[in-house]
Visitor: 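Can you read through this structure? Questions will come right after.
Model, not experiment: these values are computed from the prediction.
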Amino acid sequence: STNPSEGKKKEVSLVKRLMFEELEKEFASSETTFFSRFERLTVQDLNELRRSLEKTSKRTVMVKHSLAKKVLEKTKFADAARFLKGFVLVTLGSQDPQAVSKTLVGFVKGHENFELKGMILDGKIYEGSLVKELARLPSRKELLTLVAIRMKSPIARLAMTLGSLTRSLAVALNEIYKKKIQEAPQA
């Protein structure tokens, strides 16, 4: 017969391995990873932050340092382990790092016990100050809107100019037609 504590250990080991594999998969498929440290935040505050981040990020998790360190080592970002002090919240992002950084920076403003430690972006590790700088930049959506507006303006002017030329041409042709009718011999 097997010892019940052995079965429990195997179960815990399996759970840890599955958590590791899941976190490793999340890290590998994320374009950006944000590290934040917090102390004495209420569950309500954390839930508020998570709800805000759901709109802009892929996933937000609190991780054990030992598990996160193993994942970071395996993904070639072992230096990012310096961000793993205290209670750490890891936010994994995909397409719009500005939107995630804006959400995190906005949360920092109302919660002095929440600190942006750093991030991984485009395969490089950056300090928390870059997260703040990134939040100041316009998002991809905002930039595309600006480009569309700037492109629309010259096109609209061209359309108005062409419309004006067409009207002028129509008026001129109409005047020529009237003149031709007046000059035509009366029969």
Side-chain angles (χ1 to χ4, degrees), residues 9 11-148 150:
K9 284 181 185 177
E11 204 173 287
V12 169
S13 176
L14 175 64
V15 168
K16 283 182 179 180
R17 193 180 83 230
L18 290 174
M19 286 172 56
F20 174 81
E21 289 172 0
E22 178 67 20
L23 193 58
E24 181 183 28
K25 187 174 81 175
E26 290 285 345
F27 265 86
S29 68
S30 296
E31 294 175 23
T32 55
T33 304
F34 297 84
F35 299 89
S36 308
R37 189 177 70 75
F38 64 93
E39 289 178 14
R40 299 184 313 273
L41 286 180
T42 65
V43 172
Q44 183 179 351
D45 288 338
L46 287 172
N47 286 337
E48 172 193 329
L49 176 60
R50 280 189 170 142
R51 275 193 298 279
S52 298
L53 287 168
E54 281 175 0
K55 300 170 191 165
T56 58
S57 69
K58 212 164 60 167
R59 191 167 182 192
T60 302
V61 293
M62 280 190 280
V63 294
K64 291 184 110 182
H65 295 183
S66 58
L67 180 65
K69 283 178 184 177
K70 287 178 185 175
V71 170
L72 289 170
E73 286 170 6
K74 191 155 186 188
T75 58
K76 311 284 188 284
F77 294 111
D79 287 347
R82 69 180 181 262
F83 303 136
L84 303 174
K85 290 183 176 88
F87 294 105
V88 177
L89 194 67
V90 176
T91 303
L92 303 159
S94 53
Q95 293 183 342
D96 196 355
Q98 288 90 349
V100 177
S101 63
K102 284 178 187 202
T103 302
L104 290 168
V105 167
F107 189 78
V108 166
K109 288 178 184 172
H111 302 87
E112 61 205 34
N113 296 332
F114 189 80
E115 183 182 2
L116 304 170
K117 297 304 288 178
M119 67 182 290
I120 299 172
L121 174 68
D122 292 331
K124 295 182 182 148
I125 300 169
Y126 299 96
E127 296 299 319
S129 58
L130 184 78
V131 179
K132 293 173 188 167
E133 293 296 319
L134 194 58
R136 291 186 191 137
L137 296 175
S139 69
R140 184 175 192 276
K141 185 177 179 181
E142 291 167 336
L143 287 173
L144 289 175
T145 301
L146 286 172
V147 168
R150 294 229 167 103

Visitor: Would one find more than 12 heavy atoms of other residues, nucleotides or ligands at under 6.0 Å from atom OH of Tyr126?
Guide: yes
Visitor: Begin from the C-alpha positions of Asp96 and Thr56 and carry the test side chain to side chain contact (heavy atoms under 4.5 Å, CB included) through to its verdict.
Guide: CA-CA 7 Å; Asp96 196 355; Thr56 58; over 6 Å; no
Visitor: Look up atom CD in Glu39 and atom CD in Glu115, then write down how far apart they are to the nearest 0.5 Å.
Guide: 8.5 Å
Visitor: To check you understand the geometry: which heavy-atom pair defines the closest contact between Ala81 and Lys69, and what is its length?
Guide: CB-CG, 3.9 Å
Visitor: Nearest 0.5 Å please: distance from the CD atom of Glu73 over to the CG atom of Asp79.
Guide: 10.5 Å
Visitor: For Gly86 and His65, work out which heavy atoms get closest and say how close.
Guide: O-NE2, 2.7 Å
Visitor: Within the 4.5 Å heavy-atom criterion, are Phe83 and Ile125 side-chain neighbours or not?
Guide: yes
Visitor: First locate atom CG of Leu14, then atom CE of Met19, and finally report the distance between them rounded to the nearest 0.5 Å.
Guide: 11.5 Å
Visitor: Phe38 vs Phe114 aromatic rings, parallel, tilted or perpendicular, using cut-offs 30° and 60°?
Guide: parallel
Visitor: Output yes when Glu22 and Lys25 qualify as a salt bridge under the 4.0 Å nitrogen-oxygen rule, no when they do not.
Guide: yes
Visitor: Do you know which two heavy atoms are closest between Ala68 and Leu23, and how far apart they sit?
Guide: CA-CD2, 4.4 Å
Visitor: Let me confirm one number: the NZ-CG distance from Lys117 to Leu84, rounded to the nearest 0.5 Å.
Guide: 10.5 Å
Visitor: For Glu48, is there an ion pair with Arg51 - N to carboxylate O distance below 4.0 angstrom?
Guide: no
Visitor: Is there a side-chain contact between Leu134 and Met119, using heavy atoms and a 4.5 Å cut-off?
Guide: yes
Visitor: Between Lys58 and Ser29, is any side-chain donor less than 3.5 angstrom from a side-chain acceptor?
Guide: yes
Visitor: So that I can tick it off, tell me whether Arg50 and Glu54 are bridged by a salt bridge, with the cut-off set at under 4.0 angstrom between side-chain N and carboxylate O.
Guide: no
Visitor: Can you name the nearest heavy-atom pair linking Lys124 to Phe77, along with the distance?
Guide: N-CE2, 4.3 Å
Visitor: Kindly compute the distance separating CZ (Arg37) from CG (Asn113), expressed to the nearest 0.5 Å.
Guide: 9.0 Å
Visitor: Could you check whether any side-chain heavy atom of Leu72 comes within less than 4.5 Å of a side-chain heavy atom of Ile120, counting everything from C-beta outward?
Guide: yes
Visitor: Under 4.5 Å between any side-chain heavy atoms of Phe34 and Leu89, yes or no?
Guide: no
Visitor: Measuring only between side-chain heavy atoms, which start at C-beta, is Leu116 closer than 4.5 Å to Val108?
Guide: yes
Visitor: Look up atom NE2 in His111 and atom CG in Asp45, then write down how far apart they are to the nearest 0.5 Å.
Guide: 3.5 Å
Visitor: I want to check something: taking the side chain as every heavy atom from C-beta on, are Leu104 and Leu53 in contact at a cut-off of under 4.5 Å?
Guide: yes
Visitor: Does the distance from a Lys or Arg side-chain N to an Asp or Glu carboxylate O, for Arg82 and Glu127, drop under 4.0 Å?
Guide: yes
